[in-house]
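Since the structure comes first, as structure tokens, the remarks are kept for the end.
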Amino acid sequence: MNRLGAVTSPYLLQHAQNPVDWWPWCPEAFEEARRRDVPVLISIGYSSCHWCHVMARESFEDLAVAAQLNSDFVAVKVDREERPDVDAVYMTATQAMTGQGGWPMTVFATPDGVPFFCGTYFAKDDFGRLMTSVTSAWRDQRADVVAQGAAVVQAIGGAQLVGGPTAPISAELLDAAAAGLAGEQDDTYGGFGGAPKFPPHMNLLFLLRQHERTGSAESLEIVRHAAEQMARGGIYDQLAGGFARYAVDARWVVPHFEKMLYDNALLLRAYTQVWRLTGDTLARRIADETAAFLVRDLGTPQGGLASALDADTDGVEGLTYAWTPDQLTEALGAADGAWAADLFRVTADGTFEHGRSVLVLARDIDEADPALVERWQDVRRRLLAVRAQRPQPARDDKVVASWNGLAITALAEYGVLTADRAILDAAVALAGVLADRHLVDGRLRRVSRDGVVGDPAGVLEDHGCVAEAFLAVYQVTAEPRWLDLAKQLLDVALDRFPSGKGGFYDTADDAEELLTRPADATDNATPSGTSAICAALVGYAALSGETSYREAADAALATLGPLISGHPRFAGYAAAVAEAALAGPYEIAVATTDPADPLVAAVYRHAPGGSVIVTGEPDRAGVPLLAGRPLREGAATAYVCRGFVCEHPVTTAAELAGRFTRTGKRV
């Protein structure tokens, strides 16, 4: 076992018995490279990454490749999910050198960590030739290598600059962003762009909020169409629930099979809101199943949610999930097997590899005759039981703070809208894990595993997503502890992460010093740190009445304005937060002595996305929104406010609905 045997990262542990003499990311690795006067290979990936596994099998488990690597380099392995700061720096370098990026990321660097050659996946023979060329260049053309590295550092330093143009958030800017997304929509299959196609969860959240503000039927239809196509596609697990990371085709049929916590958390929010606004049966089912998947399949014994399920099973992609017609017949019998093959579009030729098919939902069955629905559900149960006997994908069981924060917010929103007490309890328990385990000496740590917190410091994304999660739990519990904890995280962010020009860096000013200090404002697989911290700042200001936090949010949102207007596909969360800020957001207090009062449920149904909502007894200690908000004639009373200035209170659902000018069916 090499040096990775003592780490906590599941990804690094996958490489602990490689013949490669791996080092984890640490100063000692670079000191060793200086001592030996050799370059450093920095290999970055994550545990559920299919092509990371392929390169590991082909190269890092090969004795000859390992011998060459050990002889001529110091090899450093990095888990991008534990160290997003390291990943961001070298991803920027890779994109600057090659015009693209991805994982596994393969970077050759000087002993000072300066990259001079970057790439992604290399087949075994290509990788061997590349190592030979790099070794030769290091030995015979050192000056050129060092000069190239210096040029890369200069380029990525410019790419990470903060303090560019700003654009204050306005209705016109957000409507232009919605129009831009409409122009990029795939009218046939939903979503945006072509293959590979990623679930546009954050764009869907934005468009739903834009629809609520404007009544835009087009924005709602874009969301509804994408949500339906994804739910019927192979990117969605038609048996157990949960979404895969992305589809390799434009029709959502064949996924890369890894299931990521962050995707499912963000998609749970989107499908919950689609159901709230439209009453769509399919959207409600997908929300139900996704919430169940998060808690059931990603919950860890020590608390917290695991990061991902692997793309591969025993080294074979899709082994657990794909089917042939004969396998359906064997599992279900001839009649039900043929029926299931038609329903799930399983063909003799197959839609995947080796004559196998990924299950899709080819028929509109959610609102079919009850007998058909029962048959479908029975077939699903029986197929899932058979599938459970197959080899299962590995699980990356590290707990990432920001991703758990996204899940807590999603579960809390789903729980209050569906009155699911078990899911609400799960959200509160998860928040407790982050508060009790990941907050160490007043600072947030990014990861834990097996109940033990890791060393990597929380980045801006962690502070924003966890603060937003604490605010979500505060709203469903009215317990002041969560408001105080959110303030603690936001104060750290405002003290340690600001750029001085309205925006934020992704790492704290006392974090490990890297080649550059990352500052990426784009929303990609997850909300950017700046988008996430803006969401929490807007929410905290609305819940507490402390206007300085709103001022910080407005300044940061202005730095995101040009991105929202110019590249809305990569600013979905920023735009969703901006919609909430533009709306006020609405601050809604329900004074009541009965949490089950119908007015409480009505508030959650009718309040626009991004609103903050607190319910409880009038003048409850530690709950500013309930201060001075009495019952009216002994009845539950809703106060709809903005900036702590309230309209006339209401006591009925009909009066409440009239406070909001929106379109769409309500559940």
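- In this structure, the side chain of His225 engages the main chain of Thr188 through a donor-acceptor pair within 3.5 Å.
- Under the 4.0 Å criterion applied to side-chain N and carboxylate O atoms, Glu617 and Arg620 are assigned as salt-bridge partners.
- Rounding to the nearest 0.5 angstrom, the gap separating the CZ atom in Arg345 from the CG atom in Leu361 is 9.0 Å.
- Using bins of under 30°, 30° to 60° and over 60° for the plane-to-plane angle, the ring pair Trp482/Phe470 lands in the tilted bin.
- Legend: salt bridge (Lys or Arg N to Asp or Glu O under 4.0 Å) pairs involving residues 401-417, not counting sequence neighbours, sorted by first then second residue: Arg269-Glu413.
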How far apart are the C-alpha atoms of Glu81 and Ser307, what are their side-chain angles, what is the distance that settles it, and do they pass the side chain to side chain donor-acceptor pair (under 3.5 Å) test? CA-CA 9 Å; Glu81 296 172 348; Ser307 297; 4.5 Å; no
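- A salt bridge is defined here as a Lys NZ or Arg NE, NH1 or NH2 lying under 4.0 Å from an Asp or Glu carboxylate O, and Asp263 with Arg245 meets this definition.
- Phe352 pairs in a ring-ring contact (aromatic ring centres under 6.0 Å, His included) with only one of the listed residues (Trp323, Phe257, Tyr321), which is Phe257.
- Contact check for Leu298 versus Leu309: side-chain heavy atoms found under the 4.5 Å cut-off.
- The existence of a salt bridge linking Asp436 and Arg481 is confirmed by a sub-4.0 Å separation between a basic side-chain nitrogen and an acidic carboxylate oxygen.
- Between Asp523 and Arg569 no salt bridge is recorded (no basic side-chain N to carboxylate O distance below 4.0 Å).
- Side-chain contact between Phe206 and Glu579 is present, with at least one heavy-atom pair separated by less than 4.5 Å.
- Between His256 and His50, the ring planes are tilted. Angles from 30° to 60° get that label.
- Side chains of Arg382 and Asp336 form a contact here, defined as non-hydrogen atoms less than 4.5 Å apart.
- Salt-bridge annotation for Asp397 and Arg395: absent, with no side-chain N of the basic residue lying under 4.0 Å from a carboxylate O of the acidic one.
- Checked against a 6.0 Å centroid threshold, the rings of Tyr271 and Phe243 count as neighbours.
- Residue pairs that meet the side-chain hydrogen bond (donor to acceptor under 3.5 Å, both in side chains) test with at least one member in residues 465-478, sequence neighbours left out, are Glu468-Tyr573.
- Contact record, Ala575 with Leu174: O-CD2, 4.0 Å, taken as the closest heavy-atom pair.
- Side chain of Asp462 to backbone of Gly464: no donor-acceptor contact under 3.5 angstrom is found.
- Aromatic ring centres of Tyr46 and Tyr11 lie farther apart than the 6.0 Å criterion allows.
- Counting heavy atoms from C-beta on, the side chains of Leu220 and Thr278 come closer than 4.5 Å.
- Across all their heavy atoms, Leu332 and Ala340 have their closest contact at CD1-CB, 3.6 Å.
- Under the 4.5 Å side-chain criterion, counting only non-hydrogen atoms from C-beta, Tyr540 is in contact with Leu483.
- Residues Lys259 and Phe293 form a side-chain contact, since some pair of their non-hydrogen atoms from C-beta on lies under 4.5 Å apart.
- Just one of Thr272, Asp288, Thr409 meets the side chain to side chain donor-acceptor pair (under 3.5 Å) condition when paired with Tyr414; it is Asp288.
- A donor-acceptor pair under 3.5 Å links the side-chain atoms of Thr214 to the main chain of Ser216, judged by distance alone.
- Thr522 and Asn524 share a donor-acceptor pair across their side chains, judged by distance under 3.5 Å alone.
- For Ser357 (side chain) and Thr351 (main-chain N/O), a donor-acceptor pair under 3.5 Å exists by modelled atom type.
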Please test His438 against Ser448 for side-chain contact (heavy atoms from CB on, under 4.5 Å), starting from the C-alpha separation and ending with a verdict. CA-CA 7 Å; His438 283 245; Ser448 65; 2.9 Å; yes
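- Residues Phe344 and Val360 are not in side-chain contact: their nearest non-hydrogen atoms beyond the backbone lie 4.5 Å or more apart.
- Here Arg449 does not pair with Glu82 in a salt bridge; the nearest charged N to carboxylate O distance is not below 4.0 Å.
- The list of side-chain hydrogen bond (donor to acceptor under 3.5 Å, both in side chains) pairs with a residue in residues 290-300, not counting sequence neighbours, is empty.
- In this structure a side-chain-to-backbone donor-acceptor pair under 3.5 Å is present from Asp249 to Val254.
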Begin from the C-alpha positions of Leu319 and Arg390 and carry the test side-chain contact (heavy atoms from CB on, under 4.5 Å) through to its verdict. CA-CA 8 Å; Leu319 179 65; Arg390 296 176 173 180; over 6 Å; no
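- Proximity of a side-chain donor or acceptor of Asp597 to a complementary backbone N or O of Thr593 within less than 3.5 Å is not detected.
- Atom CD1 in Ile222 sits 9.0 Å away from atom CD in Gln210 (nearest 0.5 Å).
- Using a 3.5 Å distance cut-off with no hydrogens or angles, the side chains of Ser528 and Glu461 do not pair a donor with an acceptor.
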Residues Asp310, Ser48; criterion side-chain contact (heavy atoms from CB on, under 4.5 Å); working and verdict: CA-CA 4 Å; Asp310 209 328; Ser48 57; 4.1 Å; yes
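- Expressed to the nearest 0.5 Å, how far CD of Glu221 lies from CG of Leu207 amounts to 11.5 Å.
- For the residue pair Leu434 and Ala401, the shortest heavy atom distance occurs at CD1-O, 3.9 Å.
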Apply side chain to side chain donor-acceptor pair (under 3.5 Å) to residues Asp594 and Thr592 and explain how you reach the verdict. CA-CA 5 Å; Asp594 179 11; Thr592 180; 5.8 Å; no
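- For Asp369, there are no side-chain hydrogen bond (donor to acceptor under 3.5 Å, both in side chains) partners at least two apart in sequence or on another chain.
- Across all their heavy atoms, Ala240 and Arg387 have their closest contact at CB-NH2, 3.4 Å.
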Test side-chain contact (heavy atoms from CB on, under 4.5 Å) applied to Val577 and Leu537, step by step: CA-CA 10 Å; Val577 176; Leu537 287 166; over 6 Å; no
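- Using a 4.5 Å cut-off on side-chain heavy atoms (C-beta onward), Lys197 and Arg251 make no contact.
- Legend: residues meeting side-chain contact (heavy atoms from CB on, under 4.5 Å) with Pro568, ordered by chain and number and at least two apart, are Ala177, Leu181.
- Relative to the ring axis of Trp339, Arg375 places its NZ or CZ within 45° and under 6.0 Å from the centre.
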Under 3.5 Å, sequence neighbours excluded: what are the donor-acceptor pairs made by side chains of residues 424-431?
unit_1	atom_1	unit_2	atom_2	d
Asp425	OD1	Arg421	NE	3.1
Asp425	OD1	Arg421	NH2	3.2

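- Here the closest non-hydrogen pair linking Leu471 and Ala536 is CD1-O, 3.5 Å.
- Atom CD1 of Ile533 sits about 8.5 Å away from atom OG1 of Thr530, to the nearest 0.5 Å.
- Between Arg381 and Glu374, at least one side-chain N (NZ, or NE/NH1/NH2) sits under 4.0 Å from a carboxylate O, which counts as a salt bridge.
- What you find for Gly318 and Arg356 is that their closest heavy atoms are O-NH1, 3.6 Å.
- Between the side chain of Asp314 and the backbone N or O of Val316 there is no donor-acceptor pair closer than 3.5 Å.
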